[in-house]
Amino acid sequence: MSDKRLLLIDGNSITYKAFFALIKLVDRFTNNEGVHTNAIYGFNNMLNIMLDKVKPTHVLVAFDAGKTTFRTEMYSDYKAGRDKTPEELVEQFDYVKELLKNRGIKYYQLKNYEADDIIGTLSKQADGLGFDTTIVTGDNDLTQLCSDKTTVSISNRGVSGVVRYDTDYVKETMGITPEQIIDWKALKGDSSDNYSGVTGVGDKTSLKLVKQFGSVENLYDHVDEVSGKKLKEHLIEDKDEAFLAKKLARINREAPIEISIDDTEYEGDHLDDLIEFYRQMNFRKFLSEMNTTQNANMKDIEYVEVSDDTLSEIAKQDSDKVTFYLGMDGDNYHDAPFIGFALKINDKIYVSNDVEYLKSDQIKQIIESNDVKKDVFDAKRTYVGLNRLGITLNNVDFDLLLSSYLLDTNDNSNDLGKVANRHDYFDVQSDDDVYGKGAKREIPEGEKLFNHFARKLNAIDALKDKLFDGLKENNQWDLYTDVELPLTFVLARMEIAGVVVDKDVLNEMQSKLSERLEEIKQTIYNDAGEEFNIASPKQLGVILFEKLQLPVIKKTKTGYSTAVGVLEQLAPDYPIVEAILEYRQLSKILSTYVEGLLSDIHGDGKVHTRYLQTLTQTGRLSSVDPNLQNIPVRTEEGRKIRQAFVPSHDNYQIFSSDYSQIELRVLASISGDKNMQDEFIHNDDIHASTARRIFGLKDNSEVTPELRRQAKAVNFGIVYGISDFGLAKNTGISRKDAKEFIEKYFAEYPGVKKYMDESVESAKKNGYVETILHRRRYLPDINSKNFNLRSFAERTAMNSPIQGSAADIIKIAMIKMENELNKRGMKAKMLLQVHDELIFEAPDEEIEVLSELVPKVMDSAVELNVPLNVKSHYGKNWYSLK
DNA sequence: CTACTCACG
DNA sequence: ACGTACGTGAGTAGA
C-alpha cells in the first residue's frame, strides 16, 4: 500500500443515496430546529466506513455546481425531466458541507462541471503522482475511471453496502476495459441523464458490440460487418446520437480545477466543532462514538511551582503585563472552592494549588497594580474570586471570554479550552476533558492540573493579538474598552454587594402557600375522583381529557397541552380547571420563588446573583443563581415575593428607575421614522397614537382602552419582527385583521417598514446585524433553504438591533451611574439590573439626590433622535415602590 | 437529558 | 404553501 492515499467522494450522489436509503425515517430524523438530518446522518456513516477502510492521507468531496454544465451546452436536454429534489433533502446539503468542515475534509465544486469531472481530473493527477485512489459514488459511470491505482466503490443498497470496482473486476464482470464503459454507454444511452444512444440497443447488445469492435469509432468504420439488418439500420440512423452520447458519457479528466491534490490533505476531526455539530444535529450515536476515541496528546509545558523561595523571583520579574488564571471548582464563583492559580510573567509560568500565595505582597502587588496589565479569561469571575481573598483585580487589559463573545455571540461557551478551539488554538483542553463530567468529575492534582493551567495561560497569550485585531476590524474596539470591559467590574461589584432577602417574609409565605395548596389539592382530587400528580402535565392530561372528557383544544408533541392558555379557555365551564390554574400559579410561586430563593440565600443573609455577560445573542445580560430578572410582578400573589427584598441597613430605601418604552424609542431613532419620532418628541402616549393611526381616528382622545390595547400589541409585534399569524395568535384577533393592522402600520410609519426591510437585506448581504454600538449578531440561517430557519433569522434580524441597542444604552448608564455615585461619595449602591430598570439601595437622605441623578444619567446615556424617558420609584422594599 | 410549563423584560 | 411573535432561567416529571 502506498503511503499516499486519496479518497474522492461524489458528494451529490452520496447525499442522494443516503437520503433515499433512509427515506422511511425522514420524519424521525429531524433536529430541534426542524431540519431534516437523515442524509447528513447517512453521509457521515459512509464517511466513517470509508475513512476506516482507506485510511486516506488526502480526501476531497466533489459537488455539482448547478444545473448548467458544459454538457447542457452541447445537449440542452441533458438530465432533463428528473424529479425535483425534495425540499427535505435540499436543506441538508449545506449541513453536509458543514459536517465536512468539522471533519477536516475539503470539498469543492466548479461552475459548468459535474462532480464526476472534478473526480476524473483529480484521480488522473493522483495516478501520475503515485497515489492509491479510492472513488466513492452511487453512480456506475465512474467505473470508467478505474486504473491500476484507482478503484471505484459504488454504494448500492443504501450507503453501507459497497461494491468495489477495479480494472480487473470490470474486465471480469463485463469483459471490457474501464475506458470502454464510455463506448458501452454511448450505444445504450442513459435514461437518468436523458439521452437515448442508439434505438433498440440496450445493455446486452451494446456490450456485445463494444466487445466485438472495441470502440464506437471503430464500430462505425466497420458498420457493414454488424450482423442483423434492423440493428445496422438503427446504428446508421442514430450515428449522431451515438457520438453525442459518447461525448456526454465521457468524464472530463482535464477540468480547469483550481484545487490541487496538496490542498486536499486530510486534517482529521475538529473535535470541539464536530461535537457541537453532532449536538446540533442530535446525532447521539456519533457523539458517544467520539467519547471513546478522544484523547489529547499534548506535550508538557514548563512551569515553576510557587514556593516561599520563588516569591522573590516573581517580584524580580518586573514586567508591565502578566497573564493570570484563578482556578475554582464550579460555576458559582461566589462560593466555589479554589483549586489553584497560574501566573505568567515574561514567558515564565508560575503555578500553585495554594491560593494563599496570592495574598503574599509579591503577588498581590502585581494583581492590584494599576501599572501592570492583566490578561485573563473571564475577568468578572476572576475579580469576584480574588475579592474573596481580599485582593482587588486592577487594570485588566484582555479578557479572552469577553472578547470572543463580542466577536461572535454564537461562540458563548464559558470554557477556556472550547473558546480557544473556536479561534483555532488547539493546545489546550476543555475543563470537561481534563476534569471529567458528571459523576466522574474529579479535579486532578499536581502535574496534570498545573499543565492544564499553564496551557490556559498560553492560550490567553496566543489569542490576545488576534482577538484584539478582530475587535478593531469589526469596529468593536470602543464597545469592548468603553462599555463591556468596564461593565464587567460594575457587575462584579453589584454581585458582591448582593441583596438582602428577608427569610422571615419567605418563611411566612411558605407556610401560608403550603396550606392553601393543600386545600386546593383536595378540591381537585375530589372533582377528579382520584389522586394524581397535578404537576405532571401527562397525568393531568389523562384526567382532564380522557377521564373527564374535557374538549381537547391543543396538543403538544407528546400529548395534550395543559398550558395556561388552554386551561383558561376551559376554566369558565369547569371548576376543576379553575382550581388547577390556581394550584399551578401558587405552586410556581412556592417552589421557584419562595423555596428556590430561600435555598439561594448565603450566610450573610443575601442573595448574590451572577450576571452572565457573555451569553445572550442580543447583548442583554442574564441572571442566574438566583435569577433576579424574573421575580414576579404581574400578579398580586406573585408580586408579594418582592416584599422579601429589603435594603441592607436600617433607614435605607429601595430605589428603582426604569426606561419607558425604550425599545420603541430605539426603533423610532434608528429607523428614522419621522412620525414615530414626532410622537416621542411631543411626549405623546405612543400606543394611543399608534391606535389613532391604524384605526384611522382623528384624535388620540377617540382611542378607547380596547383599541389602545390592540395597538400596544401591534407595537410589541413590530419590535419582535412581526407576522400576521403571530400577532393574531397573541391578541386573539383574526389573522386577516392582523394583516390589515400591519399593513396600515407600515403605511403610517413608512420609516419602520424601510428599516425592517433593510435589516433583513443587510443580514442577507453581510451575514450579521449590528446595534448602535456595533454589537454584532451573526445570522447564519438568513439564507437557509429551510423556511422555518430562514423566517426565524429574518425576525431576529429585525429584533436584535432593537433589543441589543436598548441593552447597549442601559449598560452605558450603569457605568456612568457607578461613576457618579463614587464621584459624589454617596452610600447608595446599584444592586440589580432588569433589562430596562436599575435598582439601588440608598439611605433615606440620598433619595432626593437619586431621584434627580439617576434619571438624568439614564436619559443621557446615549444621544438618540428621540428623548429617553425614565421613571423612578422608591420604598421600604422592592414590593412597595411608589 | 428533554419536554413542558411559567416567571420576567 | 410553508408555520411564527424577540430575549432569558428554573422547577418538575419521566424517559
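Model, not experiment: these values are computed from the prediction. Just so it is clear, the values below take in all heavy atoms, side chains as well, and ignore hydrogens, waters and symmetry mates. In the text below, chain A, chain B and the rest are named by the order of the sequence lines, each starting its count at 1.
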So which nucleotide from C:dT12, C:dG11, B:dT5 ends up closest to the side chain of A:Ala535?
-> C:dT12

Look at the side chain of A:Phe725 and decide which nucleotide, out of B:dC4, C:dT4, C:dG14, has an atom nearest to it.
-> C:dT4

Between A:Glu794 (CD) and C:dG3 (C1'), how many Å, whole number?
-> 13 Å

d(CG, A:Leu612; P, B:dC8) in whole Å = 20 Å

Residue set satisfying ring-ring contact (aromatic ring centres under 6.0 Å, His included) with A:Tyr778, at least two apart, ordered chain then number -> A:Tyr768

Decide yes or no, distance alone: a donor-acceptor N/O pair under 3.5 angstrom between the base of B:dC8 and the side-chain of A:Gln629.
-> no

Which value, in whole Å, describes the distance between the P atoms of nucleotides B:dC6 and C:dA5?
-> 16 Å

Using atom CD1 of A:Ile534 as one end and atom C1' of C:dG11 as the other, report the distance to the nearest whole Å.
-> 16 Å

Let me have DNA chain C in dot-bracket notation, would you? Count Watson-Crick plus G-U wobble pairs, both distances under 3.5 Å, and use [ ] for pairs crossing earlier ones and | for inter-strand partners.
-> .....|||||||||.

Can you tell me the distance, in whole Å, between the CD atom of A:Gln833 and the C1' atom of B:dC8?
-> 12 Å

Between A:Tyr745 and A:Tyr749, is the ring centre distance below 6.0 Å?
-> yes

Within this structure, what is the CZ-to-P distance between A:Arg620 and B:dG9, rounded to whole angstrom?
-> 10 Å

Looking across every strand, which nucleic acid part, if any, lies under 4.0 Å from A:Ser561 by heavy atom: base, sugar-phosphate, or nothing?
-> sugar-phosphate

Residue pair A:Asn799/A:Pro537 against DNA chain C: nearer the 5' end by closest nucleotide is A:Asn799

Across the strands shown, which category fits A:Ile802 at heavy-atom distances under 4.0 angstrom: base, sugar-phosphate, nothing?
-> nothing

Can you say whether the rings of A:His602 and A:His334 are parallel (under 30°), tilted (30 to 60°) or perpendicular (over 60°)?
-> perpendicular

Residues from residues 662-671 of chain A lying under 4.0 Å of DNA chain C - heavy atoms | none

Select one nucleotide: of C:dC2, C:dA5, B:dC6, the one nearest the side-chain heavy atoms of A:Lys588.
-> B:dC6

Out of A:Leu612, A:Thr609, A:Leu832, which one pairs with A:Ser623 under the side chain to side chain contact (heavy atoms under 4.5 Å, CB included) rule?
-> A:Thr609

A:Asp502 and A:Gln643 side chains, donor-acceptor separation under 3.5 Å = no

Chi angles and distances behind the side chain to side chain contact (heavy atoms under 4.5 Å, CB included) call for A:Thr409, A:Arg776 | CA-CA 7 Å; A:Thr409 50; A:Arg776 265 184 199 200; over 6 Å; no

Could one point to a donor on the side chain of A:Arg634 or the base of B:dG9 with an acceptor on the other under 3.5 Å away?
-> yes

May I ask you to check whether A:Tyr41 and A:Phe286 place their ring centres under 6.0 Å from each other?
-> yes

In whole angstrom, what separates A:His835's NE2 from C:dC6's C1'?
-> 12 Å

Between A:Gln710 and A:Thr731, does any side-chain donor sit less than 3.5 Å from a side-chain acceptor?
-> no

Has the side chain of A:Thr796 got a donor or acceptor atom that lies under 3.5 Å from a matching backbone atom of A:Ala793?
-> yes

Quick one: the side chain of A:Arg735 and the base of C:dT4, do they pair up donor-acceptor inside 3.5 Å?
-> yes

Would you kindly check whether a donor in the side chain of A:Ser622 faces an acceptor in the base of C:dT8, or vice versa, at under 3.5 angstrom?
-> no

